[in-house]
Amino acid sequence: MSEHLHPTDIISTVEFNHSGELLATGDKGGRVVIFQQEQENKTQSHSRGEYNVYSTFQSHEPEFDYLKSLEIEEKINKIRWLPQKNAAQFLLSTNDKTIKLWKISERDKRPEGYNLKEEDGRYRDPTTVTTLRVPVFRPMDLMVEASPRRIFANAHTYHINSISINSDYETYLSADDLRINLWHLEITDRSFNIVDIKPANMEELTEVITAAEFHPNSCNTFVYSSSKGTIRLCDMRASALCDRHSKLFEEPEDPSNRSFFSEIISSISDVKFSHSGRYMMTRDYLSVKIWDLNMENRPVETYQVHEYLRSKLCSLYENDCIFDKFECCWNGSDSIVMTGSYNNFFRMFDRNTKRDITLEASRENNKPRTVLKPRKVCASGKRKKDEISVDSLDFNKKILHTAWHPKENIIAVATTNNLYIFQDKMN
Amino acid sequence: MGEEEGLHQTQLLDTMFVRGLKRKCIDGEEDIEGTLAGIKAIPSYNLQRQSLLDMSLVKLQLCHMLVEPNLCRSVLIANTVRQIQEEMTQDGTWQMINTQSTGQTSLDRLVSTDILCRSSREQAEGKQVPGYSNFNKDFEDDQTQDSSETMSTASSVQAPRNLQSNVWEMENAQENRGNFQKSLDQIFETLENKSPNSVEDLFSEVDNSYYDLDTMLTGMMSNTKMGHCDGLETFSSPTTTTSNSNCKSDLNELDHIVEILVES
């Protein structure tokens with residue numbers, strides 16, 4: 001795989017658009033950076049275009065909630081692209097409290113030859129105008145502008161963890177720890193609450209919403225996951241408030257594996273529908289599970305991401321790593337799933353061959369344009385050459401965010417400060 | 001380590017009292033060893049469970065210091081605390097004092113809690129997961145070292161402490177559980193209505209309780225030092241049952257205790 005490296009602020013979300021031509025990243029500083037794939041060079045058919053910076057803009061600023069005396073972080077939690085309808089691109093970006101719809105448009109022409117204005121913008125004295133001419137558009141250097149078109153604010157008391165655009169392309173949902181709201185993209189002063197799990201007495205709170213997503217094809221169906229390892233599928237046609245689920249997906253706990261950390265590691269950090277809409281994938285602390293929407297009582301596939309950490313759960317609880325929220329993603333054909341781990345490792349699981357691979361995103365170990373070497377972690381016993389022992393893993397180097405191009409074998413992997421883009425070698 | 005010495009002696013004597021054993025001089029070391037040998041296997045699990053509880057409560061309190069706590073994390077930690085509390089209640093080893101004193105020096109007393117990562121099945125089978133065997137060995141070595149310096153010869157001094165708490169639990173069970181639940185409740189209320197005042201309220205609540213228990217502990221310690229294992233019966237009249245030599249040592253002990261209290 002060939003590699004491209006882009007240093008940035010701490011990346012908090014990564015997302016390809018629907019065509020894969022654009023890749024958006026959000027960071028802790030509230031900025032959005034969009035990369036664009038170069039158009040394929042017809043003569044050099046052995047490599048796909050590289051991704052270069054296309055646009056950078058400040059999406060969210062830090063705010064202060066005066067009522068609660070709390071700062072609201074500007075960190076971008078999620079970015080979701082809208083499908084392209086015209087020349088401009090649209091995306092939703094959200095921090096803990098506010099969702100914004102951004103329009104990204106190109107400008108490569110500008111009007112020249114005004115009658116009442118000089119070229120630099122100063123106004124001409126009308127009395128000096130003797131003839132009239134029609135202004136014309138002349139080409140200019142490409143300028144990419146981002147402008148906020150809608151701001152959806154004040155609808156969430158708790159921290160927003162997910163946004164998901166409906167397949168009707170008119171509505172979207174936003175989920176915080178206790179509630180899920182439904183919005184219309186055109187309307188900012190109103191949203192509908194569709195899920196509310198806040199107990200009347202906050203002292204009775206034992207479960208929160210961790211992620212939510214609309215079904216890719218059914219515009220009335222969405223799922224949300226919880227900190228107790230359950231996924232609920234809801235149908236908006238059933239009632240206005242979808243507090244009662246249509247389906248509850250939960251794998252019964254293995255009683256022999258029970259420990260004080262069982263609940264924490266069962267907490268689902270991400271849920272993603274397959275492109276087909278037939279399956280959904282969930283990520284908990286140690287594994288990735290694939291669920292068939294027709295079967296609620298257990299997943300159809302389970303992949304262990306880093307089982308060697310099971311014996312280290314206490315230490316990971318102590319240093320808070322056990323609360324890390326890893327994301328997961330499908331490839332375009334739903335045959336491979338990918339997720340991140342520690343030590344800048346990320347893992348891919350082939351659902352058909354049942355093979356898996358561990359790769360590392362790091363500059364020291366990989367030169368650009370070289371093929372990535374598979375890694376192996378040695379859990380115990382004698383460490384073979386080239387293996388890495390569990391104790392020497394760097395838990396500060398975590399890959400939480402990964403994305404897969406919707407059509408090609410191009411992946412984006414975010415380490416703490418860098419974005420790596422890997423592509424398949426085409427032969 | 002002087003503090004622990006004192007505690008060991010106290011707990012040892014209270015253990016005997018709690019278990020209804022015939023009260024003897026400290027000279028009867030064989031008996032003490034015999035009775036405690038049976039529970040030698042349990043303490044490391046209890047100690048580490050306690051450590052996990054302490055750690056969790058510290059985390060929850062630290063949550064409050066943050067600008068806006070992560071609700072998911074807080075809920076997961078609180079659920080873990082509840083789990084431990086339930087198990088400890090079932091075991092009868094619920095220790096209020098440790099819960100309340102987390103604000104002080106719990107971080108110093110944290111030990112590696114890898115053993116808790118073992119599944120319950122492994123624990124039942126007594127399986128040694130690689131990496132734990134070293135820890136267990138070290139831990140027991142430390143304990144043996146400590147105890148050889150003190151009068152008590154039990155190799156696992158933490159067990160007495162757990163059993164001692166039984167006394168307090170029987171006396172103060174309702175109040176203790178209520179206090180604990182109140183702390184958890186306050187945490188969630190504070191999470192909802194975050195304001196500087198509520199944070200202070202929460203901390204002041206914890207501090208008050210600690211102070212109360214601290215007084216209790218002081219009383220216990222100063223009384224059990226004197227006489228021959230008369231234990232709690234000498235609570236109200238310390239001076240009447242002591243001999244001269246004990247008086248002197250009592251004064252020294254009191255100074256020692258005051259020193260510890262001032263330090264903490």
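Quick note on labels: first sequence line is chain A, next is B, and so on, each numbered from 1.
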Check: Does the side chain of A/Asn95 pick up a donor-acceptor pair with the side chain of A/Glu74 at under 3.5 Å?
Finding: no
Next item on the list: Measure A/Ser267 against the heavy atoms of chain B and call it side chain, backbone, both or neither at under 4.5 Å.
Entry: side chain
Check: chain B heavy atoms under 4.5 Å from A/Asp320: which part of the residue, side chain, backbone, both or neither?
Finding: both
Next item on the list: Side chain from CB out, backbone as N, CA, C, O: work out which of these in A/Glu207 comes under 4.5 Å of a heavy atom of chain B, or both, or neither.
Entry: backbone
Notebook entry, point to check: Under the 6.0 Å and 45° cation-pi test, does A/Lys312 pair with A/Phe395?
Noted result: no
Item checked: Sequence-distant partners of A/Ser287, side chain to side chain donor-acceptor pair (under 3.5 Å), two or more places apart -> A/Asp284
Check: Would you call the rings of A/Phe326 and A/His306 parallel, tilted or perpendicular, where under 30° means parallel and over 60° means perpendicular?
Finding: perpendicular
Notebook entry, point to check: Where on A/Thr210 is there a heavy atom nearer than 4.5 Å to chain B: the side chain, the backbone, both, or neither?
Noted result: side chain
Notebook entry, point to check: Using non-hydrogen atoms only, which part of A/Ile322 is less than 4.5 Å away from chain B: side chain, backbone, both, or neither?
Noted result: neither
Notebook entry, point to check: Among all residues two or more places apart in sequence or in another chain, which pass the side-chain contact (heavy atoms from CB on, under 4.5 Å) test with A/Ile151?
Noted result: A/Thr98, A/Lys100, A/Ala153
